[in-house]
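Chain letters run A, B, ... following the sequence lines, proteins first, then strands; residues in each count from 1.
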Protein chains: 2
Amino acid sequence: MKIIRLLRLQELIYNTKERRLAAAIKMIVGRKPLNLALYKLAIKHASAAEEIGNGIKISNERLEYLGDAVLGTIIAEHLFLKFPYRDEGFLTETRSRIVNRESLNQIGLKIGLEKIVESELSQKGLYLHKSIYGDTFEALVGAVYLDRGYYFTKHFILTRILTHFDLDNIIKTTINFKSKIIEWAQKYNHQIEFSLSTVNGNKRFKEFVVNLTIDGVDAVEGKGATKKKAEQEAAKAACEKLNIPL
Amino acid sequence: MKIIRLLRLQELIYNTKERRLAAAIKMIVGRKPLNLALYKLAIKHASAAEEIGNGIKISNERLEYLGDAVLGTIIAEHLFLKFPYRDEGFLTETRSRIVNRESLNQIGLKIGLEKIVESELSQKGLYLHKSIYGDTFEALVGAVYLDRGYYFTKHFILTRILTHFDLDNIIKTTINFKSKIIEWAQKYNHQIEFSLSTVNGNKRFKEFVVNLTIDGVDAVEGKGATKKKAEQEAAKAACEKLNIPL
């Protein structure tokens, strides 16, 4: 099947719209589609879903579910290798800053998805959902994965997508809850104090418990494998409790 | 580097403990480790972490973060291909029933991780965390991925791990929120009623809004692309609001 596709015989019977889509995919992904049907599905937003009977609707939502997982794994490995001395909390936080809905929408726009998605939707005069580009980008990743496999998709993401991110800036703004709560205290004239209350465990395995008092009253406690982590946890809990904007 | 590893010269300098670990990995994964260091790290639970100075601790938590993503993608694709007519909500729910902490713990025990993890921990007399086998299983998946690549890992999961799951049973028990709330109402003698309040959109794209009243009082509403989905959403919100055990 793959060999037949590699011969590109199917390109001989593309209509104009299909030829345009194949060319657009080549611009975005770097290679021509082997199975164009996957990409046609990827640009079909739920709002333009086709009903095929039995209440079953055909849209890109299934591909989006797959692409979301594939993208998450590729970014996870990239950060894992790039930051050998950072813990999993940092890696998880940084990844979620890369793959959040808003940043994926921007990526979708940057790589020009609005040109191929709008042509699907605008001709039907439908309402454009605001997260449509992020959704479509994830579905596109799912389509590339099924069409070309994992390693091609990884190469596509690392060389053509991650370059749009300012990773240094993303990391710099990873939230420091302790400084947030200190800022808040200064602004509203409160006294806060972090104090180490207990250390559990033995020589090799320790758990630190930090108490945070606000104006002399016990507010929250935080636990962690280091004093710094326990303080961050306590500060985070306090920020949530006090609804401090982050 | 990979070629040197394939020559297995490193096996000549394994000590007894390393030889045992390599044999255990071969039993579990199906192939001998190319880079044993990855597997040594995978079985090092956070509670047995080694400090290497600067407050940096070496444990399997980073590998667990990576393995979690890889496992999620492999299961996502498997379900995507196995159920071509089920929507992404079903796929997401089914996946989360496979990769939840409890079922991963059981998998860890079934494939015998307690034999290699306990030998790391018990000799130090440390407390065994209850989620240790699930955590270690995820870390092992991360190690296999780095050692042998994506497709080998996929083959390992599909042929040696998924066979432990009774997928039919998992699907049968996928929660039906509507029947849960109906059950609850019958048990505690409440009157509940689902009613379609609005349908937004045009001929091709519809959004249904369903109102759920409890004893004649508006309780929650649910939205969805079909009436059935909107009812499920409303029922789910009600279950959460009323703390109905699922």
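Sorted by first and then second residue, the ring-ring contact (aromatic ring centres under 6.0 Å, His included) pairs involving residues 59-81 of chain B (not counting sequence neighbours) form an empty list.
Using a cut-off of 4.0 Å between Lys/Arg side-chain N and Asp/Glu carboxylate O, B:Arg101 and B:Glu138 are scored as salt-bridged. By the 4.0 Å N-to-carboxylate-O rule, A:Lys229 lies too far from A:Glu233 to be salt-bridged with it.
Each of B:Glu64, B:Arg62, B:Arg86, B:Lys228 has some count of heavy-atom pairs under 4.5 Å with chain A, and the biggest count is that of B:Arg62. Note on A:Gly142, A:Gly89, A:Pro84: by heavy-atom pairs under 4.5 Å with chain B, the leading option is A:Pro84. Across A:Val70, A:Ile58, A:Ile75, the residue that shares the most heavy-atom pairs under 4.5 angstrom with chain B is A:Val70. Of the listed residues (B:Leu66, B:Asp68, B:Thr92, B:Leu91), the greatest number of heavy-atom pairs within a distance under 4.5 Å of chain A belongs to B:Leu91.
Rounding to the nearest 0.5 Å gives a distance of 4.5 Å between CD1 of B:Ile111 and CD1 of B:Ile161.
Taking 4.5 Å as the heavy-atom cut-off, the residues of residues 152-159 of chain A that approach chain B are A:Lys154, ordered by number.
Atom NZ of B:Lys227 is surrounded by 12 or fewer heavy atoms from other residues, nucleotides or ligands within 6.0 Å.
Between the side chain of A:Asn60 and the main chain of A:Leu63, no donor-acceptor pair closer than 3.5 Å is present.
B:Glu240 is linked by a side-chain contact (heavy atoms from CB on, under 4.5 Å) to B:Lys236, counting only residues two or more places apart in sequence or in another chain. Looking at residues two or more places apart in sequence or on another chain, you find a salt bridge (Lys or Arg N to Asp or Glu O under 4.0 Å) between B:Glu18 and B:Lys40.
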